[in-house]
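So the structure is just underneath, and the comments pick up after that.
Just follow the structure's listing: the first ligand is 1, and inside any ligand the first atom is 1.
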Amino acid sequence: MSADLLHESAIGHVTGGAVYIDDLPHPEHLLVGKIVCSPHAHARIASYDLAAARAVPGVLAVLSAADIPGANQVGPVVHDEVLLATDEVTFIGQAVFIIAAETEDQCRTAERAIRVTYEPLPAIVDLRSAMATGALLGPPRRIVNGDPVAAIRKAPHRLAGELETGAQEHWYLETQAALCTPGEGPRMNVFSSTQHPSETQALVAEVLGWPRNAVEVEVRRLGGGFGGKETQANHTACWAAVLAHATGRPVKIRLFRDDDMIMTGKRHRFLSHYEAGFDGDGLLLGVTIELNSDGGATTDLSFAILERAMLHADNCYHVPAFSVTGSVWKTNLPSNTAFRGFGGPQGMAVIETIVDRVARELGRDPAEVRRKNFYREAPCATTHYGQVVEDNHLSVIHDRILATSSYRERRAAVAAFNARHEFVKRGIALTPVKFGISFTTTFLNQAGALVHIYTDGSVLVSHGGVEMGQGLYTKIRGIAAAELGIDPALVRVGATNTARVPNTSATAASSGADLNGMAVKNAIDAIKARMADALAGKFSQQAGGEATRPVDLAFAGGMITDGKHPDRSMTFGAAVQWLYLQRISLSAAGFFSPEGIGWDREAGRGRPFLYYAFGIAVSEVTIDLLTGAHTLDRVDILHDVGDSLNPMIDRGQIEGGFVQGMGWVTTEEILWDARGTLLTHSPDTYKIPTAGDVPADLRVALLEGVPNPRVIRNSKAVGEPPFMLALSVWLAIKDALSAIAGHAVEPLFSLPATRERIVLEAERLRTLARSERQ
Ligand code: MTE
Ligand code: HPA
Ligand code: MOS
C-alpha cells in the first residue's frame, strides 16, 4: 500500500492552515463562555447571589446547577461527578457557575460580581493521607497466580521496597474547547475537541434532558489529546451546550492554559509497595505488588486505569508466583484520568525497579537479568492473568538491539568513564515493553464506518475515530486507497461526526487504526462485492466464452481487472460511472469488532488483549552530580509495529511517545500545596521536554518482517507502547547515580528524576561512599 503517505495535516500543522475549534469562522451572535471555579479543595456552599453578575452589561447568562435543564451528571462510568457543584465543592478548580457574555471582559466582570459564601471543610490532598484515612473510591482489586508469599519466603534472595510515580499534565497544545450552536427545537450542534464524540453527544443530551438524536457532535482534529480528552472534554462541551441552550445563541469555550491545568485531571500518581524473591541467577521466583492510585475527587476512568496497571505489572517477565493488588484512593484534587499508557507506565515502573534491583544485588548486568526473565516458551509463556504471550518477539528484539546499540561495549566504556570521573557520571539502561492491545473493557472494542464513492470516482470515508495528531486519518486514507486499489489522492477522510457514524468508542487504547481501519475495510468490502457482481456480469456478456467470476476481480492500480482474463478490465472511474447508471449503490456502512477477547474481571483471568506490542530501548545518560543536570547522549529503539501502515507516522509516534515518557520520568513534576492548590499551573513552573531535550542521537528502527495477521493489513497499534520505553532513561540515571558508590548501594529513587532529586541523591551516595572509604 502507499506507505509513507504524508500526514494529511502536516502542512496545515506547520503553516497554521489546520483548523482547530478556536479557528472556526464565528457564527453570528457568538457568545463567550466562562467557568467560575471553586477556590477550596473541600467546602460547603452556604449561599450565593448571582443577581449582580447577571446585571453586568453584555452578560446573557450566569447559571448554577439549579439552571441545568437535564441531569447534573457527567460521570462517564460511575455517576459520581456533577457538571456544576450543588451544595459542596470537592476540589480547587471544580466548576460552580457558568457565564455567557458578548466578550471575555464582560465574563470576568460578571465573575467578580458573584457573591458566594463557602464554609471550608477538611481536605485530603495527598495519597498517603487518603490511605491513612481509608478513603477508597471503590473496592480494591486483586489478581493472583500461585502462592507468591510462600515463593518469596523460600527464595534464596529477597528484596522489598516502595516506589512513587508522579502525576503528569497532558499539555495538549489545544486546550479543552467546544463550540455549541442551538438549532430548531431540541437540536444542538457541537464542535468539540473530544476523543470520544459519542460520549460527548450522550452527555450533552443528558444535561439538556434530550434524546441523543437531538445532538450532533463533530470533530475534525484535536491539537493533541493524549488521553486528557477521553472523558474530560465532555465537561467543556456540556457547559457550552447548557449556555447555548439558555441563551439561544452559539457559545464557545476555550479554557486558558492555566485554567485547563488547574481544572482538569492528570496521569494518576501511584504509591506502590513490592516484594520479590529470586535465585542466584536473577530468576524471579515470586513477586507481590500493591498499587495505590490517587483517583482525585471522582471515579472517572480510575478503575480501568488501575486494571491496566495491574495487567502490566509483569511487563515482559514471567513470574511463576505473582500477585498484584490495587486500590484507588479519593483525594480533594481534580479527578485523574487517562494518559498515554493508561496505567501501563505505573505498573511497569514497579517491575522494572524490581528487576533492576535484582541485577544490582547480584552484581549482574541488568540487560541479562531482564532477558533471563522474559516470557518464553511454555510453561513460561503465560501471564499472571492467564493470557498466553503469543508471537513473542522479545528475544529477537533483544538480540538485535544488543548488537546494533553496541550495548556491551558501551557498558564497559561507561564503567571506564565513571572510574575516571568524580563529579560526572554516566549510566546506561536497557528496558523492554510488552503492551496489551485492546480496551480491557471488552465491549468498547468496536468501530463503525461509512464509505461513499461519488460518481466522479472520488471517495469520502467517515469512521468513528478521532484525529489527534497521531496520523489516524492518514492511515485510514491509506487503508481505503489500498483496499479500493486507487490513488490515495482520490480519498478524503471526512470529519468525525456522530450523525454519520453512531455509537462509537473513544479513540483510545491505541486501537484507533486497528478498529476503525477494519470497519472501513468492512464497508469497502460490501461496496466492492456489489461492484464485482455487476462488473462480472458486464465482462462476461461482453467477452462471451468463459464467464468472469466476481471473486476473480482485482482492484489495483486504479483498475478493476479479471485476474483470469486480464484483457477484461475497466478503470475505477469508468466502472463507478457505469455502476451508477445501473442503479447500484456506491455507499455502505461498515462495522468491526474483534473476536476471541474477553476476560473475567472478578476472577482476574482470561484474554483481555487481542495481541501485544513489543519494543526495547537502550538509553545512555551523563549526569552532573553538582547540578543534577543530565544529558541524554544516545537512545536506540527497536519497536514492533507489524507491517507498518505508515512507517513515517509510526516513527513519529515512537519518537513522540518516547519523548513524552522521558518528560514523565525526568522533568515533569506536579506539585500541590497543603490546601490543594496546584503550584505548577503554567509552562514556567511545569517543564515538558522541548525540542532541545530530544536526544541528539536518537536511533529508531522498526522491527522488520513481523506481520501481525490479526489486524488490518497485518499492522500493529503504536500510539501508547513507546511511551514506556522511556523507563530506560530513568534507569540509566539510576545506573549513573549508583556508580557513585560503586554500585554497592541502592539509590533511593522515585520518578520523576528531577534535578533536585538527582542532586540530593548524589549527595547522599557520595557521603555514604566517603564514609565507606574511611
Ligand atoms: N499522538 C499525538 N500526536 N497526539 C495525541 O494526542 N495520543 C496518544 C497516541 N498518540 C496522541 C498521540 C494516545 S493516549 C492514544 S490512546 C493514541 O494515540 C490514540 O490514537 P490511535 O488509537 O489512533 O493510536
Ligand atoms: N484504554 C483506554 N481507555 C479505556 C480502556 C483502555 O484500556 N478501557 C476503558 N477505557
Ligand atoms: Mo489513550 S490514554 O488510551 O487516550
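Heavy-atom proximity to Glu230, at under 4.0 Å, picks out these atoms of ligand 3: 3 (O), 4 (O). Counting the atoms of ligand 3 from 1 in the order shown, those under 4.0 Å from a heavy atom of Gly227 are 2 (S), 4 (O). Each of the atoms 2 (S) of ligand 3 lies under 4.0 Å from some heavy atom of Phe339. Under a 4.0 Å criterion applied to the non-hydrogen atoms of Ala508, ligand 3 contributes the atoms 3 (O), 4 (O). Which parts of ligand 3 touch Arg340 is read off a 4.0 Å heavy-atom cut-off, strictly below it: atoms 2 (S). Counting the atoms of ligand 2 from 1 in the order shown, those under 4.0 Å from a heavy atom of Glu230 are 2 (C), 3 (N), 4 (C), 10 (N). Atoms of ligand 1 lying under 4.0 Å from any heavy atom of Gly227, numbered from 1 in the order shown and given with element: 14 (S). If you number the atoms of ligand 1 from 1 as listed, the ones under 4.0 Å from a heavy atom of Gly224 come out as 6 (O). Residue contact check: Ala508 has heavy atoms under 4.0 Å from atoms 16 (S) of ligand 1. For ligand 2, the atoms sitting less than 4.0 Å from at least one non-hydrogen atom of Leu444 are 9 (C), 10 (N), numbered in the order shown with element in parentheses. For ligand 1 and Ala509, the ligand atoms under 4.0 Å from any heavy atom of the residue are 16 (S). Every atom of ligand 2 is numbered from 1 in the order shown, and the set under 4.0 Å from a heavy atom of Thr441 is 8 (N), 9 (C). Those atoms of ligand 1 with a heavy atom of Gly225 less than 4.0 angstrom away are 5 (C), 6 (O). In the vicinity of Gln195, heavy-atom distances shorter than 4.0 Å reach the ligand 3 atoms 4 (O).
Within 6.0 Å of atom CD1 in Ile11, 12 or fewer heavy atoms from other residues, nucleotides or ligands are found, so the atom counts as exposed in its surroundings. Taking a 6.0 Å sphere around NZ of Lys266, one finds it holds more than 12 heavy atoms contributed by other residues, nucleotides or ligands. For Arg142, the CZ atom sits in a loose shell: 12 or fewer heavy atoms of surrounding residues, nucleotides or ligands are nearer than 6.0 Å.
Taking a 4.0 Å cut-off on heavy atoms, Ala717 fails to register as neighbouring ligand 1.
Looking only at heavy atoms of the protein, atom 19 (C) of ligand 1 is closest to Met468 CE, 3.6 Å. Nearest non-hydrogen protein atom to atom 17 (C) of ligand 1 is Gly719 CA, 4.2 Å. Nearest to atom 5 (C) of ligand 1 among the protein's heavy atoms is Phe226 CE2, 3.2 Å. Looking from atom 10 (N) of ligand 1 to the surrounding protein, the closest heavy atom is Gln653 OE1, 2.7 Å. Nearest to atom 3 (O) of ligand 3 among the protein's heavy atoms is Ala509 N, 2.7 Å. The protein heavy atom nearest to atom 4 (C) of ligand 2 is Phe342 CZ, 3.2 Å. Of all protein heavy atoms, the one lying nearest to atom 1 (Mo) of ligand 3 is Glu720 OE2, 3.6 Å. Arg340 NE, 3.8 Å is the protein heavy atom nearest to atom 8 (C) of ligand 1. Counting protein heavy atoms only, atom 3 (N) of ligand 1 is closest to Gly469 C, 3.3 Å. Looking from atom 22 (O) of ligand 1 to the surrounding protein, the closest heavy atom is Gly512 N, 2.7 Å.
Considering backbone and side-chain N/O atoms, Ser510 never comes within less than 3.5 Å of an N/O atom of ligand 3.
Side-chain atoms of Asn503 and Ser198 form no donor-acceptor pair, as typed in the model, at a separation below 3.5 Å. No hydrogens or angles considered: a donor-acceptor pair under 3.5 Å links the side chains of Asn497 and Glu218.
Classified by interplanar angle (parallel below 30°, tilted 30° to 60°, perpendicular above 60°), the ring pair Phe270/His268 is perpendicular. Classified by interplanar angle (parallel below 30°, tilted 30° to 60°, perpendicular above 60°), the ring pair Trp664/Phe723 is tilted.
Counting only heavy atoms from C-beta outward, the side chains of Glu390 and Tyr611 never approach each other to under 4.5 Å. Under the 4.5 Å side-chain criterion, counting only non-hydrogen atoms from C-beta, Arg699 is not in contact with Val635. Residues Phe303 and Val77 fail the side-chain proximity criterion, which asks for heavy atoms closer than 4.5 Å. The shortest distance between side-chain heavy atoms of Thr667 and Ile688 does not fall below 4.5 Å.
At least one donor-acceptor pair closer than 3.5 Å links the side chain of Glu467 to the backbone N or O of Leu472.
For the side chain to side chain contact (heavy atoms under 4.5 Å, CB included) with Arg713, the lone residue among Glu483, Lys521, Met518 that qualifies is Glu483. Just one residue in the list Ile437, Ile654, Asp640, Leu645 forms a side chain to side chain contact (heavy atoms under 4.5 Å, CB included) with Val718, and that residue is Ile654. When each of Asn708, Asp514, Ile597 is tested with Leu610 by the rule side chain to side chain contact (heavy atoms under 4.5 Å, CB included), just one qualifies, namely Ile597.
Taking the ring centroids of Phe592 and His463, they lie at or beyond the 6.0 Å cut-off. Checked against the 6.0 Å centroid threshold, Phe339 and His170 count as a close aromatic pair.
Looking at Gln195 against ligand 1, nothing comes within 4.0 Å, counting heavy atoms.
By heavy-atom distance, the residue among Ala513, Ser510, Ala506 lying nearest atom 24 (O) of ligand 1 is Ser510. When the options Gln470, Glu720, Lys475 are ranked by their closest heavy atom to atom 20 (O) of ligand 1, first place goes to Gln470.
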